[in-house]
**Student:** 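Got a structure here, written out as structure tokens. Questions coming.
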Amino acid sequence: MATKEELLEELIEAVVEYEEEDCVEAAQKVLDNPDVITPMEGVLDGLAAGMEKVGVLFDTHEYFVPEVLMCADALYAGLDILRPHIEKDDSASKASVVLGSVQGDVHDIGKNLVKMMFDIAGWDVYDLGRDVPLEDFVEKQLDTGSDVLAMSAMMTTTMLGMKKVIAMVKEKNPDCLIMLGGAPLTRDVANLFGADGYAESAGNAVSEGIKMIGNLRKYEKGEIA
Amino acid sequence: MAALTGKERVMKMFQKEPIDRMPCFSGQGTVTVQAIEKMGTQFSKIHNDAELMAGAALTSARLWDLDGLVIPFDMAAVAEAMGRGVSLYDAAEGIIYPTVPNKWRDLDEISVPEDFMSKGRMPIIDDAFKILKKDAPDLAIGAWVLGPFTFGGQIMELDILLKGLKKKKEQTEAFLSQMTKVTIDLCKHYESLGVDFICVREMGSGTDLLSPRMWKTLIGPNLKLVFDAISVPSINHICGSTDMIIEMMHECGADALSVDQKNNLVETREKVGNDVLLLGNFDPYGTLTTMEDTAEVADVIKKCIDDGVDSVWPGCDIWPDVKKENMETYVQTVKEYGAKASPAVKRI
């Protein structure tokens with residue numbers, strides 16, 4: 001019988017080597033060995049840990065965006081198998097996020113990488129897609145009362161729209177955490193807009209998103225409060 | 001001796017002949033809201049009407065006393081002409097550039113119509129060039145096109161294209177060859193309309209997205225074919241991270257290289273030598289739209305010149321909503337601080 005470490009290693013390797021079928025197989029093995037490993041461990045210490053390794057490869061210029069996208073596909077293939085089997089804690093209210101690319105922006109690579117992070121964490125994700133009119137962000141956030149609103153704009157030409165959305169949401173829901181991501185944004189610009197977090201580019205979204213996955217794993221293990 | 005016209009100044013720069021001062025122009029969009037307001041129109045309308053397109057470019061150039069101008073303003077026209085639709089955001093408040101709403105999702109679906117050059121807004125762009133050739137004989141009139149890879153990402157989903165580079169290499173290479181032919185045809189078409197220079201923007205191919213190795217095998221060879229085919233002065237522009245590919249960019253054979261603020265220009269100049277025309281590399285939004293102090297703007301422009309550009313170019317489209325005094329400072333600083341010779345271009 002496989003050990004927990006072996007099962008996790010299979011998941012990690014499948015993600016890092018962007019092998020979707022291997023990831024499905026490894027995830028199925030996790031389900032087949034309930035005495036050894038839980039689906040949640042498979043997600044956090046297998047899939048997410050694999051993605052952390054991908055982050056290192058990306059930071060060291062061994063992997064670039066095409067490889068990361070394929071690793072993400074492998075991760076989702078495994079997540080689709082494991083997620084339905086994770087026991088839900090009905091007593092706790094689930095965290096939620098509204099995300100999308102701002103109107104005028106038809107790019108969604110960065111947004112989808114950020115989305116992956118929330119999917120791994122098991123949040124309720126309201127993905128509005130791309131080229132999303134500003135009022136739709138506000139409407140959905142107010143409708144769901146989401147903890148986080150994450151908006152992406154890859155082009156310089158679309159990022160100004162975010163400023164208005166932030167003002168409108170913060171006015172009615174000051175506790176909502178707002179994340180901005182997109183290639184043309186700098187930290188200064190994000191500060192100017194009044195946002196709480198930002199990712200500079202698809203590349204940074206990869207690095208930052210994966211670091212957040214790392215923090216999430218520590219949080220789940222009780223290593224950080 | 002009579003002062004050079006803007007066109008003479010720009011064309012001499014491309015020939016690396018001595019000029020009176022550094023030319024101030026760009027191969028990226030340089031339309032500004034002040035010009036659009038002066039014309040009494042709206043940003044969303046200048047993409048869809050030849051008179052307004054030419055007028056917005058020319059009014060901007062005259063307002064800021066630039067040496068050249070460039071059209072069109074958006075990157076959706078060719079994809080639209082290939083049947084992928086266009087979102088012009090007529091009803092949206094503020095400035096939103098047109099986008100392509102219906103990209104192909106699979107390489108097998110792609111079918112490039114033979115007659116795309118006569119479809120959609122393409123004839124409007126043609127007419128705008130004709131107007132500018134008539135109304136602005138003293139200015140360098142430029143066209144810009146997307147590079148083959150970036151254009152491919154306009155007609156098909158970028159994530160699928162990126163993954164295709166690894167998963168379906170042969171099919172993706174064939175697609176990029178097809179896009180190269182489209183790019184060349186478009187450049188030749190613009191040449192036939194009498195444009196003075198062509199800026200090829202392979203903006204999606206920096207090492208933020210692709211590895212240098214991928215760039216070398218899939219991007220560089222196609223760009224070389226494009227620049228081999230262009231007979232007017234040409235610019236190889238890539239925004240984002242370019243430090244690792246700048247030498248390969250140079251090998252593609254364009255008359256000039258253009259990079260954005262992420263490039264370490266001092267190192268680039270060392271790598272390519274003083275004989276190569278380098279254009280760049282300030283952040284247009286961070287400089288012209290947001291800076292509060294014109295002294296800061298002047299410092300940014302001076303740094304570009306000190307670092308070794310032959311013309312100060314924004315790293316992207318100038319965001320139309322510039323501050324008047326920042327734009328004036330940009331142009332004035334180029335004229336004054338750029339009076340001295342640049343690495344590749346001497347002075348009269």
Side-chain angles (χ1 to χ4, degrees), chain A residues 18-20 57-58 60-74 101-113 129-131 133-135 153-164 182-189 191-193 200-207, chain B residues 28-29 43 73-76 87 89 91-103 153-154 157-167 172 203-204 206-215 218 239-241 244 260-262 283-286 289-290 314-321:
Chain A
Y18 42 90
E19 294 287 352
E20 285 180 53
L57 293 169
F58 183 82
T60 54
H61 302 302
E62 207 164 318
Y63 274 11
F64 288 82
V65 175
E67 288 88 352
V68 173
L69 291 174
M70 290 189 292
C71 293
D73 282 353
S101 298
V102 174
Q103 187 177 49
D105 194 347
V106 292
H107 299 84
D108 58 6
I109 288 176
K111 185 266 292 175
N112 286 341
L113 289 170
R130 56 193 182 182
D131 200 13
L134 300 177
E135 54 271 25
M154 190 165 166
M155 313 299 292
T156 314
T157 49
T158 58
M159 62 193 188
L160 291 184
M162 294 173 165
K163 188 175 182 177
K164 283 186 205 162
L185 280 173
T186 65
R187 196 173 291 276
D188 284 346
V189 174
N191 288 342
L192 195 69
F193 290 0
E200 190 183 80
S201 64
N204 274 27
V206 175
S207 289
Chain B
Q28 276 85 250
F43 184 74
F73 307 118
D74 70 290
M75 62 178 82
S87 303
Y89 306 105
E93 206 184 315
I95 295 161
I96 301 181
Y97 276 84
T99 60
V100 182
N102 306 310
K103 297 183 183 186
Q154 280 294 98
E157 294 296 344
L158 185 59
D159 58 337
I160 295 169
L161 178 61
L162 286 167
K163 285 186 274 191
L165 294 173
K166 298 284 286 188
K167 281 184 169 174
T172 305
M203 56 180 94
T207 54
D208 314 88
L209 281 178
L210 302 181
S211 69
R213 197 171 61 152
M214 214 174 243
W215 203 95
L218 294 168
C239 50
S241 302
M244 287 193 278
D260 81 1
Q261 59 276 8
K262 275 194 169 181
D283 169 6
Y285 179 79
T289 303
T290 61
C316 188
D317 295 321
I318 285 180
W319 177 255
D321 195 12

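Proteins come first, then strands; the chains are lettered A, B, ... in the order of their sequence lines, and each starts at number 1. Note that this is a predicted model, so its numbers are computed, not measured.
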**Student:** With rounding to the nearest 0.5 Å, note down the distance linking OG1 in Thr207(B) to NE2 in His61(A).
**Tutor:** 7.0 Å
**Student:** By the definition side chain to side chain contact (heavy atoms under 4.5 Å, CB included), identify the one residue from Leu158(B), Ile160(B), Asp159(B) that meets it with Leu69(A).
**Tutor:** Asp159(B)
**Student:** Under 4.5 Å from any heavy atom of chain B, what part of Tyr63(A) do you find: side chain, backbone, both or neither?
**Tutor:** neither
**Student:** Show, in sequence, the C-alpha distance, side-chain angles and deciding distance for Gln103(A) and Tyr89(B), and conclude whether the side-chain contact (heavy atoms from CB on, under 4.5 Å) test is met.
**Tutor:** CA-CA 9 Å; Gln103(A) 187 177 49; Tyr89(B) 306 105; 3.6 Å; yes
**Student:** Can you say whether Ser241(B) sits under 4.5 Å from chain A via the side chain, the backbone, both, or neither, judging by heavy atoms?
**Tutor:** neither
**Student:** Rounded to the nearest 0.5 Å, what's the gap from CD on Glu62(A) to OG on Ser211(B)? Could you check?
**Tutor:** 11.0 Å
**Student:** According to salt bridge (Lys or Arg N to Asp or Glu O under 4.0 Å), who are the partners of Asp131(A), at least two apart in sequence or on a separate chain?
**Tutor:** none
**Student:** Determine whether Lys163(B) and Pro66(A) make a side-chain contact, defined as any pair of heavy atoms from C-beta on separated by less than 4.5 Å.
**Tutor:** no
**Student:** Could you pull out all residues at least two apart from Glu20(A) that satisfy salt bridge (Lys or Arg N to Asp or Glu O under 4.0 Å)?
**Tutor:** Lys167(B)
**Student:** Phe64(A) versus Leu209(B): any side-chain heavy-atom pair under 4.5 Å?
**Tutor:**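 No, side chains not in contact.
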